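Worksheet: the structure to be examined is printed underneath.
Per chain, numbering begins at 1; letters A, B, ... match sequence-line order. What you see is a predicted model, and the numbers here were worked out from it, not measured in a lab.
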Amino acid sequence: MSDPAKYRTKAELEEYKNSDPIDVVKNEIIKKKIASNKELEKIGKEIIEEVKSAADFALESNFPENKELYTDVYL
Amino acid sequence: MTIEILMPALSPTMTEGNLTKWLVSEGQEVKAGDIIAEIETDKATMEVEAVDEGFVEKLLFKEGDVNIPVNKPIALISGEQKTKSKNIKDEIELGEKQESKEIKELNQSQDQQVKEDVIIDNEHISMREAIRDTIAEEMRKDKKVFILGEEVAEYQGAYKVTQGLLEEFGEKRVIDTPISEQGFTGLAVGAAFKGLTPIVEFMTFNFSMQAIDQIINSAAKTLYMSGGQINCPIVFRGPNGAASQVAAQHSQDFSSWYSHVPGLKVLAPSTPLNAKGLLRTAIRDPNPVIFLENEILYGLKGEVSYDDDFTIPFGKANIAKVGADTTIVTYSIMLQKSLEAAKILKNELDLDVEVIDLQSLRPIDSETIINSVKKTNRIITVEESWPIASIGSEIVNIVQKNAFDYLDAPIIKVNSADVPMPYSSSLEELYLPQIDDIVKAVKEVNYI
């Protein structure tokens, strides 16, 4: 989901996309040959998989026990 | 493999939404992140993105379909392209267009129905509308009043509270701010020092912590520190407390935090009626006022006063239900739960409970509380905040000091659990005060 941003023009959005810090870092990584575009795409897919499997795990798991309410407030 | 795209929830309190636009058609290839549809609720409009790549197998709803339940499949995405002869596809599309037109016509007639209902029942409006109307009424009367905050203008409010204000008052008085609470709150406090009356909307009071120095050190203390020379007529408003499953950082009750501070006044409405009366008092007051709304209550409908000079003063509680046996002191969303508990206690035990809605947390209406205890001899407090140093703690102090000899039982405070709000829905329920907890506390002070 994302905001359709009806209150700004597509041109303005595109302008800001050019300075999107994630893309800026990505381009810098490719430029400095730290990783290739292909490798970054692979990492991206792995992250999506990891998040999806975490979400699936949560949905398939039982609800936490009531005692968990008071767990980890302090060490 | 076919993946179902479900109707997403824009917030945990959303139960259904409308499909305003499809941005893909059947058979089209989509990549993860592609926008496939636009959906809307009374609160907001959002775009739905594909989470996986594939082909759009079927769109299960038409553009313009309304009240689609959350988590209902709206489209099917398959891994493989479906081969379909062009002619059949065209026929299907034609059929859909006709159907979609029928649905649109149906929706239009429903819209008219709704509008007529509104006219007939114009004494019942939602909390969201009551707050918006009061802001608009005060802005019409006083050119010094203006509103600023994130998404208050073009987007019409993150919770649609400022709907229509930009159109009526223009961008000089309805101001979209950057996502920088410390910055725009400081700007507003400065404007108030120089004689304007800003209304600062926090998207939620959780974000007011970013601006806490501006609120407490600048807004609350400057009158005192300037020897009475510089006052700060300002209202800080927005939703406070838990919504539904937005976890620890976004589910916090600030009533006790702000009520602690000399120089601030704190109000917490519970109905559209008192929201109007209290907000008008807040806007007209020459001091900084914290106005604690509640997200779950925004849709609550009720009677309002259409007198645009109707106010409810600071420090005046409302006896929401008169009773003789036990006093419940509460405010904001816990009023509704307390009234439910009172019904159960009447039906099951014939206990006649008095329910006091504080409305104003600072100043607090000690007199109404003390008079009630003198009548009932038993009192509990019910609030969403944490138990330590809460509003309930202050009420315990007021009662023990002023009505000690009238008490027939120790006072019980019903609060949220003394932990950060958990994310899990089952633990969230356990964390928040429930009707059963209130019933149990009333029984306890009656030794039942």
Pull out the residues in residues 170-181 of chain B that come under 4.5 Å of chain A, heavy atom to heavy atom, sorted by number. none
Chain A contacts: which residues in residues 420-427 of chain B have a non-hydrogen atom closer than 4.5 Å to it?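 Result: B:Pro420, B:Pro422, B:Ser424, B:Ser425, B:Ser426, B:Leu427.
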Atom [atom1] of [X]: over 12 foreign heavy atoms under 6.0 Å:
{"X": "A:Glu12", "atom1": "CD", "value": "yes"}
{"X": "A:Glu46", "atom1": "CD", "value": "yes"}
{"X": "A:Ile22", "atom1": "CD1", "value": "no"}

Test ring-ring contact (aromatic ring centres under 6.0 Å, His included) applied to B:Trp22 - qualifying residues, sequence neighbours left out: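 With neighbours one apart ignored, the set is empty.
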Which members of residues 49-75 of chain A, sorted by number, sit under 4.5 angstrom from chain B on a heavy-atom basis?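 Heavy-atom contacts from residues 49-75 of chain A to chain B are A:Lys52, A:Phe63, A:Pro64, A:Glu65, A:Asn66, A:Glu68, A:Leu69, A:Tyr70, A:Val73.
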Contact part of B:Glu53 toward chain A, heavy-atom cut-off under 4.5 Å: side chain, backbone, both or neither? side chain
